[in-house]
Amino acid sequence: MVELSTFIGQIISDVATARTNADSYAASTSERYHADPFVKNMPIPHYIIESAEIDVPVMVVGITKSSDEFEGQKEKLFNVIKTKLPVLLVRNYKFSYVKSREAEKEKEAEESRSRAKMRVETKNVEEKKKNVHTVYTANFSDELLEEFESSANQITEKMVVNIKSYIDSYNYDLVKILELSDEFMRCLEKEIRSDVSTYKKESCPFVDGSAIVSAAKYIGNLMFFEFKNIMRSNAAVQVDVNTVQMNEYATKDCLMHIKLKVKEQDLSLIVEEGENGREKRYLSLS
């Protein structure tokens with residue numbers, strides 16, 4: 001027994017895999033042709049699946065419904081934000097703080113090397129100074145860690161409010177996971193910027209605005225998979241595709257025939273520069 005959507009999806013996926021295997025074989029064949037002087041100038045054999053028609057009999061066993069209602073899924077969504085987000089924020093604040101201090105130390109070392117270069121007369125000594133590598137060892141005071149944790153808790157509270165407002169403004173059935181993830185990252189970036197503006201320069205975990213963008217994007221991508229697991233509907237049509245068993249206890253009246261016509265459609269990966277220098281990637285029909 002299998003979900004109907006899984007079964008149809010696997011059929012289409014297998015057709016795509018067949019095309020992928022054919023392309024890979026053509027690519028490897030081209031290498032062999034190139035190395036063989038007798039077939040070097042011959043065209044490389046390559047085949048595509050322009051379309052394929054598939055007729056598959058299945059027996060509908062039943063329909064499973066989701067045990068989670070709208071409110072239950074929302075509550076799970078908010079709970080995962082409350083539990084996961086503070087941990088990710090503290091971890092990222094600590095990581096960014098170390099990177100920020102490393103950048104500062106490297107800048108100081110570079111300035112020191114520049115001054116030393118003017119005083120050094122021996123080339124060997126000068127080269128040796130150029131190759132000195134700056135290493136920063138993190139030392140987090142209790143006060144700094146408490147400040148990071150306080151920031152994480154405050155940002156989390158605001159994020160729950162932001163996401164609640166976002167979801168309540170939509171018909172839940174129409175809320176898309178990617179759109180929710182994008183909104184989460186946008187709000188998170190805004191809240192982090194607001195939070196770090198209260199930090200003193202020596203304790204600020206982020207070296208610049210791009211580091212904040214990277215932090216929001218990294219955390220948002222991790223949370224995306226949490227959202228996906230929660231918001232995925234469990235309702236599905238269950239079917240039996242075992243031909244041998246169907247012959248034993250099924251009749252033509254209780255069988256459903258799935259007729260699929262799969263037509264090849266090429267996609268192109270489009271990469272564009274969006275707002276604030278962010279890279280936008282999406283697939284487009286060729």
Side-chain angles (χ1 to χ4, degrees), residues 75-113 131-167 177-231 273-281:
E75 205 55 42
K76 286 183 178 181
L77 187 70
F78 303 143
N79 284 336
V80 79
I81 293 176
K82 292 175 183 178
T83 55
K84 299 280 187 179
L85 183 55
V87 177
L88 293 174
L89 280 168
V90 171
R91 185 186 304 166
N92 205 283
Y93 268 47
K94 291 170 67 176
F95 173 80
S96 299
Y97 178 82
V98 173
K99 290 297 181 183
S100 177
R101 300 293 84 78
E102 284 180 346
E104 290 180 0
K105 295 295 182 182
E106 183 60 35
K107 183 178 179 181
E108 292 174 2
E110 182 62 33
E111 292 175 352
S112 176
R113 286 195 292 268
N131 296 326
V132 173
H133 178 65
T134 303
V135 178
Y136 175 74
T137 303
N139 184 20
F140 300 104
S141 65
D142 292 339
E143 291 79 8
L144 185 58
L145 289 177
E146 288 177 3
E147 193 170 7
F148 288 170
E149 290 172 0
S150 175
S151 291
N153 292 331
Q154 292 178 27
I155 291 174
T156 299
E157 290 177 6
K158 293 178 181 179
M159 286 300 297
V160 171
V161 174
N162 289 333
I163 298 304
K164 275 185 178 179
S165 176
Y166 173 78
I167 290 181
I177 306 297
L178 284 174
E179 291 179 356
L180 174 61
S181 180
D182 288 342
E183 177 67 12
F184 183 89
M185 282 189 274
R186 187 190 69 80
C187 291
L188 183 59
E189 180 186 333
K190 181 189 71 173
E191 298 299 344
I192 293 177
R193 286 184 186 277
S194 175
D195 175 69
V196 299
S197 66
T198 64
Y199 275 72
K200 296 179 181 179
K201 182 179 179 180
E202 60 271 17
S203 61
C204 185
F206 298 98
V207 65
D208 54 28
S210 63
I212 296 177
V213 173
S214 297
K217 187 175 182 180
Y218 175 76
I219 294 174
N221 286 334
L222 293 178
M223 295 299 291
F224 164 79
F225 294 101
E226 299 289 344
F227 299 158
K228 183 178 179 181
N229 290 333
I230 292 171
M231 297 180 68
E273 185 173 338
E275 297 178 0
N276 300 324
R278 295 183 181 179
E279 188 180 82
K280 295 172 60 178
R281 296 184 299 169

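Any value given below was found using the heavy atoms of this structure, including those in side chains, with hydrogens, waters and symmetry copies removed.
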Q: I need the minimum non-hydrogen distance between P205 and S100, along with the two atoms involved.
A: O-CB, 3.6 Å
Q: Which heavy atom in S181 sits nearest to a heavy atom in G220, and how many Å separate them?
A: OG-O, 3.8 Å
Q: Any side-chain heavy-atom pair from E75 and N79 closer than 4.5 angstrom?
A: yes
Q: Are L88 and Y218 packed together at the side-chain level, in the sense that at least one heavy-atom pair is separated by less than 4.5 angstrom?
A: no
Q: Within the structure provided, determine whether R193 and V213 are in side-chain contact (heavy-atom separation under 4.5 Å).
A: yes
Q: Which heavy atom of V90 sits nearest a heavy atom of F148, and at what distance?
A: CG2-O, 4.1 Å
Q: For S214 and S210, indicate whether the former's side chain and the latter's backbone hold a donor-acceptor pair under 3.5 Å.
A: yes
Q: Nearest 0.5 Å, what's the NZ-CD1 distance between K84 and I219?
A: 13.5 Å
Q: Taking CZ in F78 as the centre, count heavy atoms belonging to other residues, nucleotides or ligands within less than 6.0 Å. Is the count above 12?
A: yes
Q: Kindly say whether E147 contributes a backbone atom to a donor-acceptor pair with the side chain of Y199 at under 3.5 angstrom?
A: yes
Q: Given L188, which partner from the list I212, N162, L89 fulfils the side-chain contact (heavy atoms from CB on, under 4.5 Å) test?
A: L89
Q: With heavy-atom distances below 4.5 Å as the criterion, would you say the side chains of E149 and P86 are in contact?
A: no
Q: Within a strict 4.5 Å, meaning less than it, do heavy atoms of the F227 and I163 side chains meet?
A: no
Q: Indicate yes or no: at least one non-hydrogen side-chain atom of I81 is less than 4.5 angstrom from one of E226.
A: no
Q: How long is the span from the CE atom in M185 to the CG atom in L180, to the nearest 0.5 Å?
A: 10.0 Å
Q: Is the closest side-chain heavy-atom distance between V80 and N229 below 4.5 Å?
A: no
Q: More than 12 foreign heavy atoms under 6.0 Å from NZ of K99: is that the case here?
A: no
Q: What are the two closest non-hydrogen atoms of E191 and M159, and how far apart are they?
A: CG-SD, 4.0 Å
Q: Closest approach of T156 and A152, non-hydrogen atoms and distance?
A: OG1-O, 2.7 Å
Q: CZ/R101 to SG/C204 distance, rounded to the nearest 0.5 angstrom?
A: 7.5 Å
Q: Are side-chain heavy atoms of N92 and I192 found at a separation under 4.5 Å?
A: no
Q: Can you tell me how far NZ of K158 sits from CG of N153, rounded to the nearest 0.5 angstrom?
A: 12.0 Å
Q: Hey, could you give me the CG/OH distance between D182 and Y166, rounded to the nearest 0.5 Å?
A: 8.0 Å
Q: Taking the six-membered ring of F95, is NZ or CZ of R91 closer than 6.0 Å to its centre and within 45° of its axis?
A: no
Q: Please report the interatomic distance CD(E273) to NZ(K280), rounded to the nearest 0.5 Å.
A: 11.0 Å
